[in-house]
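Below, each value reflects all heavy atoms present in this structure, side chains not excepted, and no hydrogens, waters or symmetry copies.
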Amino acid sequence: MPPAAPPPARAPPRLGGRRRRRLADQARAYAFLLGGLICFALFSWYPAIRAVVIAFQKYTPGSSPEWVGTANFSRVLHDPEFSAAWRNTLAFTVLALLIGFAIPFLLALVLNELRHAKAFFRVVVYLPVMIPPVVSALLWKWFYDPGTGLANETLRFLHLPTSNWSNGTGTALVSLVIVATWANMGGTVLVYLAALQSIPGELYEAAELDGANLLQRVRHVTVPQTRFVILMLMLLQIIATMQVFTEPFVITGGGPENATVTVLYLIYKYAFLYNDFGGACALSVMLLVLLGAFSAGYLRLTRSEGDA
């Protein structure tokens with residue numbers, strides 16, 4: 001009986017067919033993304049590009065724009081409030097890193113070690129994030145009231161000296177940092193907590209067998225394992241604190257004596273108080289360039305350290 005003939009070999013699919021299918025898949029993916037892309041284009045990219053254009057124009061509502069070159073930048077640079085705004089913004093950023101960067105990490109460590117009521121304390125920590133920022137700032141404005149505010153009333157009850165809090169030139173900026181830290185740390189705590197819970201337990205067990213105490217375990221296990229999350233959250237916090245606006249706008253109005261005027265608050269004043277949109281956009285472009293350069297340098301530095 002003659003052996004059966006082998007089945008005919010199937011011809012490999014044509015390259016053109018695979019390319020067409022890949023293009024069709026990509027087209028469907030971009031079709032799903034189209035709505036989001038349109039929203040970003042209308043509400044993020046277009047305003048940003050338009051702000052860069054207006055930075056080089058004399059622009060007021062109801063009049064035709066007039067190109068003025070770098071005159072807006074020159075006028076903003078010679079504004080007496082310009083140096084105060086940048087000085088306050090940088091000071092706010094440094095204080096926020098000193099006060100508001102370590103506290104969320106420590107709270108995450110405590111929550112990670114809890115054995116009971118962990119869900120309840122997560123809600124308590126995250127609760128300030130769910131309060132609208134303006135409402136939160138108004139609550140703290142009442143809390144800081146030097147006359148009948150809860151802060152000074154508590155100090156009087158304890159027979160301790162009171163403070164001017166947000167009304168004092170030396171304490172206003174620190175008071176706003178405390179408000180911003182309290183209002184925004186909930187999300188950071190949860191991110192840290194997720195990173196801590198992803199660390200393999202075997203690493204802690206090995207450290208304990210080697211005789212490491214709590215601080216040594218945090219230093220040699222926790223921090224190295226969460227290093228990427230720490231670096232990224234530090235970058236995001238610096239970018240966010242450099243754009244602080246709600247707290248000085250609602251609580252202090254930039255005072256006292258321009259002690260809490262920030263760059264974003266000065267941009268608001270140029271646009272809506274001085275009716276100078278060209279100056280506001282020029283200041284916005286300066287902030288954009290600074291944050292972009294800082295972010296690029298920070299990411300390159302941290303990537304180089306990670307590769308090493």
Side-chain angles (χ1 to χ4, degrees), residues 42-96 132-138 140-141 144 164-177 179-180 183 238-295:
L42 290 178
F43 300 107
S44 293
W45 299 333
Y46 172 74
I49 296 172
R50 182 68 176 145
V52 174
V53 174
I54 294 177
F56 297 93
Q57 294 177 334
K58 180 180 180 181
Y59 180 85
T60 54
S63 62
S64 301
E66 177 185 348
W67 290 96
V68 294
T70 60
N72 291 327
F73 293 89
S74 177
R75 187 175 65 259
V76 168
L77 287 171
H78 289 87
D79 186 346
E81 287 187 299
F82 177 83
S83 58
W86 282 102
R87 183 172 61 251
N88 293 335
T89 300
L90 293 176
F92 187 96
T93 301
V94 172
L95 289 172
V134 175
V135 175
S136 175
L138 289 173
W140 278 91
K141 184 177 182 179
Y144 282 145
N164 285 327
W165 299 107
S166 59
N167 291 335
T169 56
T171 58
L173 202 62
V174 177
S175 300
L176 296 188
V177 171
V179 176
I238 291 174
I239 294 175
T241 52
M242 287 288 290
Q243 301 177 75
V244 60
F245 172 75
T246 303
E247 290 80 9
F249 176 73
V250 176
I251 298 176
T252 63
E257 300 178 11
N258 287 337
T260 57
V261 171
T262 61
V263 174
L264 217 63
Y265 187 73
L266 186 58
I267 292 173
Y268 160 80
K269 292 179 70 174
Y270 266 96
F272 300 105
L273 299 182
Y274 306 155
N275 207 27
D276 183 1
F277 287 88
C281 290
L283 195 54
S284 301
V285 170
M286 292 181 191
L287 183 62
L288 171 66
V289 171
L290 176 66
L291 291 179
F294 169 77
S295 301

Peer 1: Please name the pair of heavy atoms, one in Ser83 and one in Pro80, separated by the smallest distance, quoted to 0.1 Å.
Peer 2: OG-O, 3.5 Å
Peer 1: Could you check whether any side-chain N or O of Thr241 sits under 3.5 Å from a backbone N or O of Thr93, counting only pairs where one atom can act as donor and the other as acceptor?
Peer 2: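 Side chain of Thr241 to backbone of Thr93: no pair is present.
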Peer 1: For residues Glu81 and Tyr265, determine if any side-chain heavy atom of one lies less than 4.5 Å from a side-chain heavy atom of the other.
Peer 2: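 Glu81 does not reach Tyr265 side chain to side chain.
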Peer 1: Does Leu291 offer a backbone N or O that forms a donor-acceptor pair with the side chain of Ser295 under 3.5 Å?
Peer 2: yes
Peer 1: Answer yes or no: is there a side-chain heavy-atom contact under 4.5 Å between Phe82 and Leu283?
Peer 2: yes
Peer 1: Does a side-chain heavy-atom distance below 4.5 Å link Leu77 with Met286?
Peer 2: yes
Peer 1: Can a donor-acceptor pair be found, under 3.5 Å and without considering hydrogens, that links the side chain of Asn72 to the backbone of Gln57?
Peer 2: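 Side chain of Asn72 to backbone of Gln57: a pair is present.
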Peer 1: Of all the heavy-atom pairs spanning Ala282 and Val76, show the shortest one and how long it is.
Peer 2: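 Scanning both residues completely, I find the closest heavy atoms to be CB-CG2, 4.5 Å.
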Peer 1: Please examine the side chains of Pro248 and Leu176, heavy atoms only from C-beta on, and report whether any two atoms are closer than 4.5 Å.
Peer 2: yes
Peer 1: Are any of the side-chain heavy atoms of Val244 and Phe249 separated by less than 4.5 Å?
Peer 2: no
Peer 1: Hey, what do you get for CZ (Phe92) to CD (Glu247), rounding to the nearest 0.5 Å?
Peer 2: 5.5 Å
Peer 1: Could you tell me whether the side chains of Thr252 and Thr260 share a donor-acceptor contact shorter than 3.5 Å?
Peer 2: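 Yes, side-chain donor-acceptor contact under 3.5 Å.
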Peer 1: For the residue pair Ala51 and Cys281, what are the closest heavy atoms and their distance?
Peer 2: O-CB, 3.2 Å
Peer 1: Could you check whether any side-chain N or O of Thr89 sits under 3.5 Å from a backbone N or O of Val263, counting only pairs where one atom can act as donor and the other as acceptor?
Peer 2: yes
Peer 1: Locate the shortest heavy-atom distance separating Gly168 from Pro256; write the atom from each residue and the value.
Peer 2: C-CG, 3.7 Å
Peer 1: Is there a side-chain contact between Trp86 and Leu287, using heavy atoms and a 4.5 Å cut-off?
Peer 2: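 A side-chain contact under 4.5 Å exists here.
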Peer 1: Mind listing the closest non-hydrogen atom pair of Leu173 and Ala259 along with its distance?
Peer 2: CD1-O, 4.0 Å
Peer 1: Would you call the rings of Phe73 and Phe56 parallel, tilted or perpendicular if under 30° counts as parallel and over 60° as perpendicular?
Peer 2: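 Ring orientation, 0 to 90° scale: tilted.
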Peer 1: For Ala280, enumerate each residue passing the side chain to side chain contact (heavy atoms under 4.5 Å, CB included) test, keeping only those at least two apart in sequence or located in another chain.
Peer 2: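 Partners of Ala280 by the side chain to side chain contact (heavy atoms under 4.5 Å, CB included) criterion, ordered by chain and then number, come out as Ile267, Tyr270, Ala271.
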Peer 1: How far apart are the closest heavy atoms of Gly279 and Asp276, and which atoms are they?
Peer 2: N-OD1, 3.0 Å
